[in-house]
Amino acid sequence: MSYTAKVLEQVTKKNPNEQEFHQAATEVLTTLQPFIDAHPEYEKAGVLERLVEPERQIIFRVPWVDDAGKVHVNRGFRVEYNSAIGPYKGGLRFHPSVSLSIIKFLGFEQIFKNSLTGLSMGGGKGGSDFDPKGKSDNEVMRFCQSFMTELYRHIGADTDVPAGDIGVGAREIGFMFGQYKRIRNEHVAVLTGRGLSYGGSLVRKEATGYGLVYIAEECLNSKKDTLKDKTVVVSGSGNVSIYAAEKVIQLGGKVVAMSDSGGYVYDKNGIDLSIVKQIKEVERARISEYANRVKTAVYKEGCANIWEIKCDVALPCATQNELDEAAAKKLIANKVKLVGEGANMPTTLEATKLFLDNKVLFLPGKAANAGGVATSGLEMAQSSQRLFWSFEDVDKQLKGIMVNIFKTIDKCSKDNGLNDNFVAGANIAGFKKVAEAMMSQGAV
Ligand code: NDP
């Protein structure tokens, strides 16, 4: 049995019922196998056994009081996965589905993603099964304060720097930062995605979506093509989706559909993003509302069917496993050219294989959505220097990082005889830097 297969077997045995984590580990280790087999030094140093085991996992109680005075209890998580190349870095997710398995899959992916950015950031992830939807601002504030009252002792500007993710936007980051500052009496870059008036960076809000489109454009350019006049479907209508759609439109593409967990809207004339922003960012309402306001749009229940719409480019930007084998078959039959993962692991293993087998340009999340964490790295750099860079400066650096990530994964896929397999390219390139750092630091 190969070294990677042995480690994968241990992963499933030692972590039963962690399906999402098994899926992420399988994707990475399977594609790494030929590379690892050619380098026996990794097995000798136990690199994979160490890589799949988080350095630290923290699970804690988060009690909070609702507006009616009733006490609720949620579960908080922070998985500090790997600090070989820098302080742990990765977002916090607040969603009822959050479990240790989901946080571990996200933290594991984050190790390789952060490595690909070229910046010094280790991997971590956290969150809670708390649902901010339908809660008042005061309830969200009390929850965030309680969450940070435990988390503060585990994080720090040079130790572990969380950020946002699903359900954690500017409001939640603000409440958590305020509580951290109050407890520690330190105004430091312990969270990224902060507001612009207290240490945040321009472009952070747009970074993941813009970065996704920059790398998609670079990939198309490498095939002498562009996004101009392409029909694009973007799933979700949260932070990543909105700014991915914005950049697609700026580059001359047409976004015809967006969704939320309830369903999707299709607008053959192209989605009017100012209306989506008003519904989602201002009113925090449902995407179905778009069809009430735009005559040319139709709303359909069930978000998964969004992949039945014919498009040249598909950008899944909502959540894990939202694009399965049946959806991939539809997209391939409709001649999709490129699929770029804005979300983390939105494509199932079976669907990914179909895209690779059918020569669809497939950009995996750990490369394609790295723009968010890269810009968080730029936010940390500005905070350390007490400087504030212009929008143009940060955007230029973000674009440079995304172009560089594409060049890295493209070269790595070619160097390993796997032309255009960017899944393998990203996994191998991300792994090499982390493994080298781990081996230099001894068996720790
Ligand atoms: P948001 O909370 O801003 O938006 C999430 C969107 O996805 C919403 O439209 C939401 O709909 C939808 N969604 C959530 N859960 C489900 C579900 N189970 N089924 C269908 N749709 C769902 O999150 P982000 O935009 O920040 O994150 C989206 C994805 O991108 C996640 O996978 C995240 O990990 C990843 N990501 C985010 C980064 C960032 O900088 N924000 C960085 C890198 C990756 P509804 O409102 O109905 O729940």
Side-chain angles (χ1 to χ4, degrees), residues 20 24 89-98 102-103 105-110 113-114 116-117 121 123 125-127 130-134 162-173 191-193 200-201 203-212 215 234-246 257-265 276-277 279-281 283-290 301-307 315-324 327 340-347 364-377 379 398 402:
E20 294 85 358
K89 181 93 198 80
L92 297 170
R93 176 176 293 190
F94 292 169
H95 192 272
S97 65
V98 163
I102 287 185
I103 298 299
F105 114 64
L106 290 164
F108 187 66
E109 287 280 297
Q110 197 82 41
K113 181 188 309 191
N114 294 1
L116 284 173
T117 65
M121 299 181 290
K125 200 82 188 188
F130 172 76
D131 188 358
K133 250 185 250 151
D165 190 76
I166 292 179
V168 178
R171 175 182 62 170
E172 290 77 12
I173 293 287
L191 290 165
T192 55
S201 172
V203 195
R204 177 61 191 90
K205 184 173 70 172
E206 295 85 355
T208 309
Y210 277 21
L212 169 66
I215 197 170
V234 179
S235 66
S237 47
N239 174 261
V240 179
S241 318
I242 286 177
Y243 293 96
E246 183 164 284
M258 293 181 79
S259 61
D260 62 19
S261 56
Y264 68 88
V265 285
V276 175
K277 282 186 179 178
I279 294 169
K280 286 291 169 183
E281 294 186 332
E283 298 169 25
R284 294 180 190 267
R286 308 307 297 160
I287 198 74
S288 53
E289 195 46 37
Y290 183 91
E301 293 280 340
C303 49
N305 296 332
I306 194 171
W307 306 119
L315 302 177
C317 296
T319 194
Q320 63 273 0
N321 293 328
E322 55 163 310
L323 200 169
D324 63 10
E341 293 189 316
N344 284 309
M345 208 169 74
T347 316
K366 62 173 73 65
N369 69 33
V373 74
T375 308
S376 282
E379 180 177 330
L398 166 65
M402 297 314 296

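All heavy atoms count here, side chains included; hydrogens, waters and symmetry mates do not. Start at 1 with the first residue, then count along the sequence. Just so you know, ligand 1 is whichever comes first in the structure, and atom 1 is the first atom listed for that ligand.
Ligand 1 has C303 within reach: a non-hydrogen atom of the residue lies less than 4.0 Å from it. In this structure, R286 is part of the shell of residues with a heavy atom less than 4.0 angstrom from ligand 1.
A side-chain donor-acceptor contact under 3.5 Å links E379 to the backbone of G193. Put simply, the side chain of T208 never gets that close to the backbone of G371: no donor and acceptor are under 3.5 Å apart. Within the 3.5 Å criterion, the main-chain N or O of G164 finds no donor-acceptor partner in the side chain of E172. Between the N239 side chain and the K205 main chain, a donor and an acceptor come within less than 3.5 Å of each other. Side-chain atoms of D260 come within 3.5 Å of backbone N or O of I287 as a donor-acceptor pair. No donor-acceptor pair closer than 3.5 Å links the side chain of K366 to the backbone N or O of Q110. Under a 3.5 Å cut-off, the side chain of N114 and the backbone N or O of K89 do form a donor-acceptor pair.
Considering backbone and side-chain N/O atoms, K280 never comes within less than 3.5 Å of an N/O atom of ligand 1. Considering both main-chain and side-chain atoms, S241 never comes within under 3.5 Å of ligand 1 through any nitrogen or oxygen pair. The shortest N or O to N or O distance between Q320 and ligand 1 is not under 3.5 Å. Residue K113 has no nitrogen or oxygen atom sitting less than 3.5 Å from a nitrogen or oxygen atom of ligand 1, judged on distance alone. No N or O atom of K125 sits closer than 3.5 Å to an N or O atom of ligand 1.
Each of the following atoms of ligand 1 lies closer than 4.0 Å to a heavy atom of G236: 9 (O). For ligand 1, the atoms closer than 4.0 angstrom to any heavy atom of R93 are 31 (C), 32 (O), 33 (C), 34 (O). Here is the list of ligand 1 atoms found below 4.0 Å of a heavy atom in C317: 28 (C), 29 (C). Taking every non-hydrogen atom of R204 and a distance limit under 4.0 Å, the qualifying atoms of ligand 1 come out as 40 (O).
Ranking the protein heavy atoms by distance from atom 41 (N) of ligand 1 puts N239 OD1, 3.5 Å first. At the top of the distance list for atom 12 (C) of ligand 1, counting protein heavy atoms only, stands A318 CB, 3.9 Å. If you check which protein heavy atom lies closest to atom 33 (C) of ligand 1, you get D165 OD1, 3.1 Å. If you check which protein heavy atom lies closest to atom 2 (O) of ligand 1, you get G167 N, 3.1 Å. Of the protein's heavy atoms, S261 CB, 3.8 Å lies nearest to atom 22 (C) of ligand 1. In terms of protein heavy atoms, atom 6 (C) of ligand 1 is closest to G238 N, 4.0 Å. The closest protein non-hydrogen atom to atom 9 (O) of ligand 1 is S237 N, 2.9 Å.
Across all non-hydrogen atoms, the minimal contact from A370 to K113 is CB-CG, 3.6 Å.
Residue I173 holds its CD1 atom at 6.0 Å from CG of L92, rounded to the nearest 0.5 Å. The OG atom of S237 lies 12.5 Å from the CD atom of E289; values are rounded to the nearest 0.5 Å. Taking NZ of K280 as the start and OG of S241 as the end, the distance is 9.5 Å to the nearest 0.5 Å.
Residue contacts with ligand 1, taken as heavy atom pairs separated by less than 4.0 Å, do not involve S235 at all.
Annotation: side chain of P132 is in contact with side chain of R171 (closest heavy-atom distance under 4.5 Å). Residues F105 and K125 form no side-chain contact, since every pair of their non-hydrogen atoms from C-beta on lies 4.5 Å or further apart. Using a 4.5 Å heavy-atom threshold, the side chains of S261 and K133 count as touching.
Proximity annotation for atom 5 (C) of ligand 1: of D260, V240, I166, I166 comes nearest, heavy atoms only. The residue among T208, N344, N369, I306 with a heavy atom at the shortest distance from atom 32 (O) of ligand 1 is N344. Remark: among candidates H95, K133, Q110, the nearest residue to atom 48 (O) of ligand 1 is K133, based on non-hydrogen atoms. Across the listed options T319, T375, I102, T319 owns the non-hydrogen atom lying nearest to atom 18 (N) of ligand 1.
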